[in-house]
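Shown next, in structure tokens, is the structure this report addresses.
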Amino acid sequence: MKKPFITLEGLKKIPHPTPYHLYDEAGIRRNARAVNAAFAWNSGFKEYFAVKATPNPVLLKILREEGCGADCSSLTELMMARACGFSGEEIMFSSNATPRDEYEYAAKIGALINLDDFSHIEFLREICGIPETICCRFNPGGDFAIKNRIMDTPAEAKYGFTKAQLRDGFIKLRELGAKKFGLHAFLASNTLTNDYYPELARVLFETALWLRGETGAEVSFVNLSGGIGIPYKPDEEPNDIAEIGRRVAAVYNETFSGSDTRPAVYSELGRFMTGPYGCLVATVLHKKEIYKNYVGLDASAVNLMRPAMYGAYHHITVAGKEDAPEDFICDVTGSLCENNDKFAIDRRLPKIDIGDKLIIHDSGAHGFSMGYNYNGKLKSAEILLKEDGSTELIRRAETPADYFATLDVTGIKFE
Ligand SMILES: *Cc1c(COP(=O)(O)O)cnc(C)c1O
């Protein structure tokens, strides 16, 4: 059974209208400490939180207090990281199809730049020169399999350098002045297995040694990137981060024994850092009975896109009815003029009344941030449940004025 981190009593104390995303500070801090403890064997370890997962400055500052850096993929994410106090090598810039001005800004603030392609070496050199420390993203091609199970197909992914391009790239980067190298790869997303990081680590550690042999360049950090998943479904087993850390350590010791290569290990987790510690709270506005039962909420796919986009499962708790029998089968919908605007299909829930508060679990990463404004819907507020039990509004809800703001160029007034 999945238990939300907030009860109906707790929700009643929150003085803001639904829908909103609620985040659990205690959970975020506890988990960040567990990640850091799992990799404490590596003295250079740093988790660079993937800002795109939950780009809220209050949450970023909490993660910074826990020792995390920020992994950014765009100009505004870099600006946000900087505004939150991250500086220099506390910021990783892992982008692709990168615009000029984004490299310029990243170089200006001294972020670690992770190049996505061989051709970006020349592109970057021309814009701002090659920094002393530079990282390259690896795409090994083919299928990425763990124990004969295909996790993903890098050959079909747009990211990264081929192995030969890494060798040529490192040689070229050295000629252009680079002194310290990083190696990065992201080969499978939302993995629910303790095997992913150790297997990926083996690929990257071995590639680092190969590159040293081929180019003389020393890899000073290996970035295992994101991809550690979370159990969205009640019957799924969570990953064990302590076990993952131990197993990466074992691969590290095995691969680098007899070598003086001792790279720092970095991660760029997003989902694992905040996913379970956020939920979307919505109110039931309508119930409808036609060929099926429908429950209509004040939230929609613009607030949480994953079910509509990927058919993703998000668990739903009816606040205050945690122990009621689940004998009502319904689709839980938003109000978009899109039939895929459903948070759940044929879901078994307790009997629902209009006005009930629904807690949609695991919206803490890739939730609010994937939002959009289709149907003229507005983005919701974000609220932090603090460690002392009080709450703080950490982003207000959009208003119609926000929605119309970029139409100021037309001179038309919207009232
Ligand atoms: C999205 C992303 C991450 C975070 O991925 P999660 O699945 O949230 O862990 C990390 N690094 C890069 C480059 C990404 O694009």
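We count ligands from 1, going down the list as the structure has it; atoms in each ligand are counted the same way.
Ion pairing between a basic and an acidic side chain is recognised when a charged N comes within 4.0 Å of a carboxylate O; E90 and R64 show such pairing. A salt bridge is defined here as a Lys NZ or Arg NE, NH1 or NH2 lying under 4.0 Å from an Asp or Glu carboxylate O, and E199 with R202 fails to meet this definition. A salt bridge is absent between K180 and E218: the closest approach of a Lys/Arg side-chain nitrogen to an acidic carboxylate oxygen does not fall below 4.0 angstrom. Salt-bridge check for R149 with D195: failed, with every basic side-chain N at 4.0 Å or more from each acidic carboxylate O.
With ring centers used as reference points, Y232 lies under 6.0 Å from H314.
For ligand 1, the polar-atom distance check against N190 finds no nitrogen or oxygen pair separated by under 3.5 Å. The shortest N or O to N or O distance between H184 and ligand 1 is not under 3.5 Å. By the 3.5 Å distance cut-off applied to N or O atoms, K52 is counted among the residues near ligand 1. On a distance-only criterion, G227 and ligand 1 share at least one N/O pair closer than 3.5 Å.
Within the 4.0 Å heavy-atom criterion, neither part of M273 lies near ligand 1. When heavy-atom distances to ligand 1 are checked against a 4.0 Å cut-off, A50 comes that close only through its side chain, counted from C-beta outward. Heavy atoms of D71 found under 4.0 angstrom from ligand 1 belong exclusively to the side chain.
Contact atoms of ligand 1 toward R137: 13 (C) (distance under 4.0 Å to a heavy atom of the residue). Atoms of ligand 1 lying under 4.0 Å from any heavy atom of R271, numbered from 1 in the order shown and given with element: 6 (P), 7 (O), 8 (O), 9 (O). Those atoms of ligand 1 that come under 4.0 Å of a heavy atom in H366, given as number and element, are 6 (P), 8 (O). Each of the atoms 4 (C), 6 (P), 8 (O), 9 (O) of ligand 1 lies under 4.0 Å from some heavy atom of G270. Taking every non-hydrogen atom of S94 and a distance limit under 4.0 Å, the qualifying atoms of ligand 1 come out as 13 (C).
Between the OH atom in Y159 and the OG atom in S95 there is a gap of 11.0 Å [rounded to 0.5 Å]. Atom CE of M151 is separated from atom CD1 of I146 by 4.0 Å, given to the nearest 0.5 angstrom. Going from atom NZ of K158 over to atom CG of D116 covers 8.0 Å, rounded to the nearest 0.5 Å.
At least one heavy atom of F186 sits closer than 4.0 Å to an atom of ligand 1. Heavy-atom separations between S225 and ligand 1 include at least one value shorter than 4.0 Å.
The closest protein non-hydrogen atom to atom 13 (C) of ligand 1 is E268 OE1, 3.5 Å.
Counted by atom type alone, T215 and R174 present zero donor-acceptor pairs between their side chains at under 3.5 Å. When only modelled atom types and interatomic distance are considered, Y23 and E382 share a side-chain donor-acceptor pair under 3.5 Å.
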